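Reviewing the structure listed below.
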Amino acid sequence: MSRKPVPAQSGERSRAELTFDRPQLMPQLFGEFDKNLLLLENRLGVYITARGNKVGLEGAAEAVAAARDVLNGLYNRIIRGEIIDTGLIEAVIAMSAEPTLHGIISAEASAPPSIMIRTRKKTIVPRTMAQAHYMRELLNNDIIFALGPAGTGKTYIAVAQAVAQLITGSIQRLILSRPAVEAGEKLGFLPGDMKEKVDPYLRPLYDALNDCLPAEQVERRIASGEIEIAPIAFMRGRTLADAFIILDEAQNTTPAQMKMFLTRFGENSRMVVCGDPKQTDLPGGMSASGLNDAVGRLDGVDGLSICRFGAGDVVRHPIVGRIVEAYEGKDA
């Protein structure tokens, strides 16, 4: 690998060389046609040379130190069986600027991260500081509001935590709910029985479940009632004990629906309310979003936590974060 050096950042020049002890892992670390190294060069302003299992770094001292930490962190993630993609690289680069997440980035391969969620199919670790805070709050509070744009992992992490607790037996049921509201278009009459009518609205929750559990286990647990997926209207009149309850797309609830949902909380339960206050799809003429109303009323209540995500926490394709930033800037 040899290219024209990337212009270095201002500051003291520095060089470093890394030697990795498993040459067979270099294709995963470098990426096809060294695309991962190219991304690091462009994002950090360093010049990278690769020969076999050795990587040379040159540039401003701070940039070289950041590139070294990111490469070591990615290498250790590969050893632990994680898949390296553009989103993960961007997330690790972002975390390299957060001293409080240094241990997550560069932890030795033999030492698992201090913050993680284990499910049947994968182990989830935080990719941003906001995700790390969120994962801690999921362990420490009874009710958690997760607010922010699409792609920040709000619902996915909540489902993973719920699945982990279901597997260990600390809860007896996992209840997933969301409002049956179209996103800006009228779909008209949907044929079929009740399940067939509401499943299209709940598909993102099924997707998250299938990413954490084998498909046959998802089906078996749904059939047995251990996992329940239903529109918010089905929650009325119930008390949900020994359960992990997740409300997705909560910005599309009315204040009355939100109050009804929150008061379903029972003994030995945990409740997570996820939504993007800026993406309300409530039909015209309906009252204000129940999510915004609840956050305004409940901020500071003991046992309740509010976790906020921004465009910088988007962990889908990097362009999603840039799109969110563009829209937020326009709306500001």
Side-chain angles (χ1 to χ4, degrees), residues 81-83 85 87-88 115-127 131 134-135 137-139 143-146 148 150-181 183 190 192-235 238 240-253 261 264-265 268-276 307 309 314-316:
E82 295 186 44
I83 302 300
D85 56 23
L88 177 59
I115 310 170
M116 62 181 176
I117 300 171
R118 292 187 183 276
T119 68
R120 287 278 189 260
K121 294 181 71 173
K122 61 172 59 178
T123 297
I124 293 93
V125 295
R127 293 189 174 190
Q131 285 192 355
Y134 182 39
M135 289 169 72
E137 294 303 290
L138 287 172
L139 297 173
I143 299 177
I144 300 95
F145 282 81
T152 51
K154 305 181 302 295
T155 304
Y156 186 89
I157 290 174
V159 170
Q161 180 63 44
V163 167
Q165 292 191 218
L166 188 64
I167 291 170
T168 61
S170 58
I171 58 167
Q172 301 303 311
R173 292 183 295 167
L174 165 53
I175 299 172
L176 303 167
S177 184
R178 67 185 317 203
V181 176
L190 294 175
D193 59 21
M194 182 59 70
K195 182 178 185 301
E196 291 170 329
K197 290 178 188 294
V198 301
D199 270 2
Y201 299 102
L202 305 172
R203 177 50 51 189
L205 299 177
Y206 284 104
D207 292 342
L209 278 174
N210 286 319
D211 216 26
C212 296
L213 284 171
E216 64 275 10
Q217 287 197 27
V218 173
E219 294 176 4
R220 176 171 56 79
R221 291 176 186 268
I222 290 176
S224 69
E226 288 180 85
I227 297 176
E228 178 182 347
I229 306 177
I232 190 172
F234 286 32
M235 299 296 107
R238 304 175 62 184
L240 306 175
D242 297 307
F244 199 116
I245 311 127
I246 301 172
L247 175 61
D248 191 28
E249 299 292 340
Q251 73 275 5
N252 291 330
T253 62
F261 180 81
R264 301 307 93 199
F265 192 86
N268 190 38
S269 290
R270 179 155 288 128
M271 183 177 283
V272 183
V273 178
C274 305
D276 181 358
C307 299
F309 296 82
V314 172
V315 293
R316 291 179 184 167

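Bear in mind the structure is a predicted one, so any value in this text is a computation, not a measurement.
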Ile167 and Arg118, any side-chain heavy atoms less than 4.5 Å apart: no
Side-chain donor-acceptor contact under 3.5 Å, Glu249 with Gln251: yes
Note, Ile227 side chain near Ile229 side chain (heavy atom, < 4.5 Å): yes
Under the side-chain contact (heavy atoms from CB on, under 4.5 Å) test, residues paired with Asn268 that sit two or more places apart: Asp242
Short side-chain to backbone donor-acceptor contact, Arg270 and Leu138, under 3.5 Å: yes
CA sep, side-chain torsions, deciding dist, call: Gln172, Glu226, side-chain contact (heavy atoms from CB on, under 4.5 Å): CA-CA 7 Å; Gln172 301 303 311; Glu226 288 180 85; over 6 Å; no
Nearest heavy atoms of Pro179 and Asp248, plus distance in Å: CD-O, 3.2 Å
Side-chain donor/acceptor of Ser170 to backbone N/O of Gln165, under 3.5 Å: yes
Separation of Glu137 CD from Ile157 CD1 (nearest 0.5 Å): 12.5 Å
Reported CG-to-CG distance for the pair Asp276 and Asn252, which is rounded to 0.5 angstrom: 10.0 Å
side-chain contact (heavy atoms from CB on, under 4.5 Å) between Ile245 and Phe261, intermediate numbers included: CA-CA 10 Å; Ile245 311 127; Phe261 180 81; 3.4 Å; yes
Working for side-chain contact (heavy atoms from CB on, under 4.5 Å), residues Leu174 and Glu228: CA-CA 6 Å; Leu174 165 53; Glu228 178 182 347; over 6 Å; no
Nearest atoms (heavy-atom pairs only) where Cys274 meets Tyr134: SG-OH, 3.9 Å
Distance (rounded to the nearest 0.5 Å) between Ser224 OG and Gln217 CD: 10.5 Å
Minimal non-hydrogen separation, Ala250 against Val273, with atom names: CB-CG1, 3.4 Å
Heavy-atom side-chain contact between Ile124 and Tyr156 under 4.5 Å: yes
Under 3.5 Å donor-acceptor, Ser269 side chain and Leu240 backbone: yes
Smallest separation among heavy atoms of Ile171 and Ala243, with atom names: CG2-C, 4.2 Å
Asp211 versus Lys121, closest heavy-atom pair with distance: O-CB, 3.7 Å
Beyond-backbone contact of Thr119 with Val159, side-chain heavy atoms, under 4.5 angstrom: no
Minimal non-hydrogen separation, Val314 against Ala150, with atom names: CG2-O, 3.7 Å
N/O donor-acceptor pair under 3.5 Å between Ser177 side chain and Ile232 backbone: yes
OG1-CG distance between Thr253 and Leu247, expressed to the nearest 0.5 angstrom: 6.5 Å
Point-to-point distance, once rounded to the nearest 0.5 Å, from CG of Leu139 to CD1 of Ile144: 8.5 Å
Min side-chain heavy-atom separation Phe244-Val272 under 4.5 Å: yes
Heavy-atom side-chain contact between Ile117 and Met135 under 4.5 Å: yes
Separation between CZ of Arg221 and CD of Glu216, rounded to the nearest 0.5 Å: 11.0 Å
Lys154 side chain to Gly275 backbone, donor-acceptor under 3.5 Å: no
Residues Leu166, Arg173; criterion side-chain contact (heavy atoms from CB on, under 4.5 Å); working and verdict: CA-CA 7 Å; Leu166 188 64; Arg173 292 183 295 167; 5.8 Å; no
Residue pair Tyr206 / Ile222, side-chain heavy-atom distance below 4.5 Å: yes
